[in-house]
A.B. asks: 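Once you've had a glance at the structure underneath, I'll fire off some questions.
Residue numbers start from 1 in every chain, and the chains themselves are labelled A, B, ... in the order their sequence lines are given, proteins ahead of strands.
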Amino acid sequence: MGSKAQSTKGRSFQKPKGTRDFYPLELLRRRYVTETWRAVSIRHGFEEIDGPTFEHAELYTVKSGEGILSELFSFSREGGDDLYALRPEFTPTLARMYAAQAASLPKPCRWFCIPNFFRAERPQRGRLREFCQWNCDIIGEGFGTALDGELEIVAVGALSTLGMTPTNCQVSNFHRNIWTRIFGHAGIPEQQFASWFDWVDRYFRLTPEQRMEYALRFGASQKQVTDMTGVVQVMNGEAQAQAGSIDEHVIREVTAPSAAALAAVSDHFRDTGFDGWFKWDATLVRGLAYYTGTVFEVLAEGERAIAGGGRYDNLIELFGGPATPACGFGMGDVVLGNLLTDHGLMPGADGDAGALMDAVQNVTTGALGSVSLRPDVFVVSADEDADGDVVPLVAQLRRGVESDTWRERGGKPWDADRYAIPPMHARPTDKATRNLKKLLQDAERARARFCAIVHTEGRVQLKDLDKREDLAHPSKGDWSASPVDEHYVGRRWSAIRNG
RNA sequence: GUGGCUGUAGCUCAGCUUGGUUAGAGCACCAGGUUGUGGUCCUGGGGGUCGCGGGUUCAAAUCCCGUCAGUCACCCCA
């Protein structure tokens, strides 16, 4: 080590711009994040997939136009005609894969992947040319309207597991159709919608004067700018509508259907115990033209978006599949890594290799909750009055119960004693039926080990699906859906798993 | 594609404004010693094309030009 390592022969090589070398400690840090992503995905009922690292370049230009080629690493075989490109995102691959098998896939289909992506951009903080990104997508309709909310909760679940809280991190939400309706109502021609989305997107990055100038340049009128400024202010709750702009009641009326969809997302945050994370932001529209409904971004102070996603209801069709609604998000490892490090939430950031090894060990082998590919429990409702208890119970089981000792100590997210009851793989049904027999079939088809049947007043009946027998509580008979109870149903298979 | 900052030992950096003897520090590494077997302390040691190229000068890490690389921001953001 101490002697001169470089030979006078040979030349030295540098890693390509915007790429990273992962020495042992760095790779462990990455695994801490990716294994957490994986565990959280599985617990939320998502299945892991992957696709090729490169695709026909056309797959990307068909969606985004030829202009995107300059941001791709593209190549062709020596003497070959086909142009390929390293994948810059997963959505086209996903749409292609889904379209190819659409008829035989379950509806909805919950898929995740944690692949590397490549973009030929200029690197800067939080943006590299090769990075790792977690993608979660729900494709196809369930009976519920909560698909978007369900999806967002997965992202929040991961951040929460990694130690982020609503005080330093929130999910900004909006619905693109709120704007298209407003645009329509304001008499803006459809060809100008894209420009107006850009305008909305830049709202907080430009001064009022710049906003006016920007709008006039693409052919808007002064009145329209005044109107839209008023709409942003009303929507964000910053002010009453100003004189001369669109009346607040009119705004509410025009946008009611889309606002209701957003409210459903907000409700889902509440039902799953993540209320504080949800935020409205009327200026959040996201650049991509393919979003058709809700759009969201996970934001934290001082960082670019940690995750972003939304609803894309006509993309599967674009890739040759049947018309299928879908929503998804992506979360990159670069920004997240910066964020965790800055908040003291990255194990081994101080070079403590032992702590880092323990952290990865805990995440992967079970001290923090083993990840069962088979669902630990399938939760169904036996009574209409208990329907509303399913989502909260599933969320509670997936979250686990943190231990008092850990909480009082102010422990780190990766500490082995974090949970009194570890997080589990829990699933609700996607079926609309109330037929208990069918619901149990659904549970067996999902290969669940147990089924929790929720009755009124938080009573839970527990079945071992492998042994086909009921597991009654020794003294109370039924179990409880409330984690504060001694006979909380989560305790039962927490005990089973620990032997 | 545009702009700001940076590039000196394996790592983190000082020195550059006001050019001038063998270019420094801490950590790391190696050797020896001390401490009654490991993270203490002491002593010594190896290791540097001062990113690269050109220019100005008697003399350049230092000033000027170019170039490459890194980084941050803009553009863009799937």
A.B. asks: Has Arg122(A) got a side-chain N or O lying under 4.0 Å from the OP1 or OP2 atom of G70(B)?
C.D. replies: no
A.B. asks: Take atom CZ in Phe54(A); do more than 12 heavy atoms of anything else shown fall under 6.0 Å from it?
C.D. replies: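 Open.
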A.B. asks: Identify whether any heavy atom of Arg87(A) sits under 4.0 Å from a base atom; if not, whether one sits that close to sugar-phosphate; answer base, sugar-phosphate or nothing.
C.D. replies: nothing
A.B. asks: Should the heavy atoms of other residues, nucleotides or ligands under 6.0 Å from CD of Glu58(A) be counted, would the total exceed 12?
C.D. replies: no
A.B. asks: For atom CE of Met212(A), decide whether the heavy atoms of other residues, nucleotides or ligands shown that lie under 6.0 angstrom number more than 12.
C.D. replies: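 Result for CE/Met212(A): enclosed.
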A.B. asks: Between the protein and nucleotides 66-69 of chain B, which nitrogen or oxygen pairs come in under 3.5 angstrom?
C.D. replies:
residue : atom : partner  : partner atom : Å
A69(B)  : O2'  : Gln14(A) : NE2          : 3.3

A.B. asks: Using the benzene-type ring in the case of Trp, are the ring centres of Trp134(A) and Phe329(A) under 6.0 Å apart?
C.D. replies: yes
A.B. asks: Ring of Phe22(A), cation from Arg30(A) - is the NZ or CZ under 6.0 Å from the centre and inside 45° of the axis?
C.D. replies: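 Verdict for Phe22(A): a cation-pi partner in Arg30(A).
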A.B. asks: Quick one: the side chain of Arg127(A) and the base of C72(B), do they pair up donor-acceptor inside 3.5 Å?
C.D. replies: no
A.B. asks: Under a 3.5 Å cut-off for both contacts, is U21(B) paired Watson-Crick or G-U wobble with anything, and if yes, with which nucleotide?
C.D. replies: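 For U21(B), the partner nucleotide comes out as none, under the 3.5 Å rule.
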A.B. asks: Relative to the 5' end of RNA chain B, which residue comes earlier, Pro88(A) or Arg125(A), by the nucleotide with the nearest heavy atom?
C.D. replies: Arg125(A)
A.B. asks: Nearest heavy atom decides the nucleotide; on that basis, is Leu128(A) or Tyr291(A) closer to the 5' end of RNA chain B?
C.D. replies: Leu128(A)
A.B. asks: Hey, could you give me the CH2/CH2 distance between Trp196(A) and Trp179(A), rounded to the nearest 0.5 Å?
C.D. replies: 8.5 Å
A.B. asks: Within the structure, does a side-chain N or O atom of Gln124(A) lie under 4.0 Å from either OP1 or OP2 of C72(B)?
C.D. replies: no
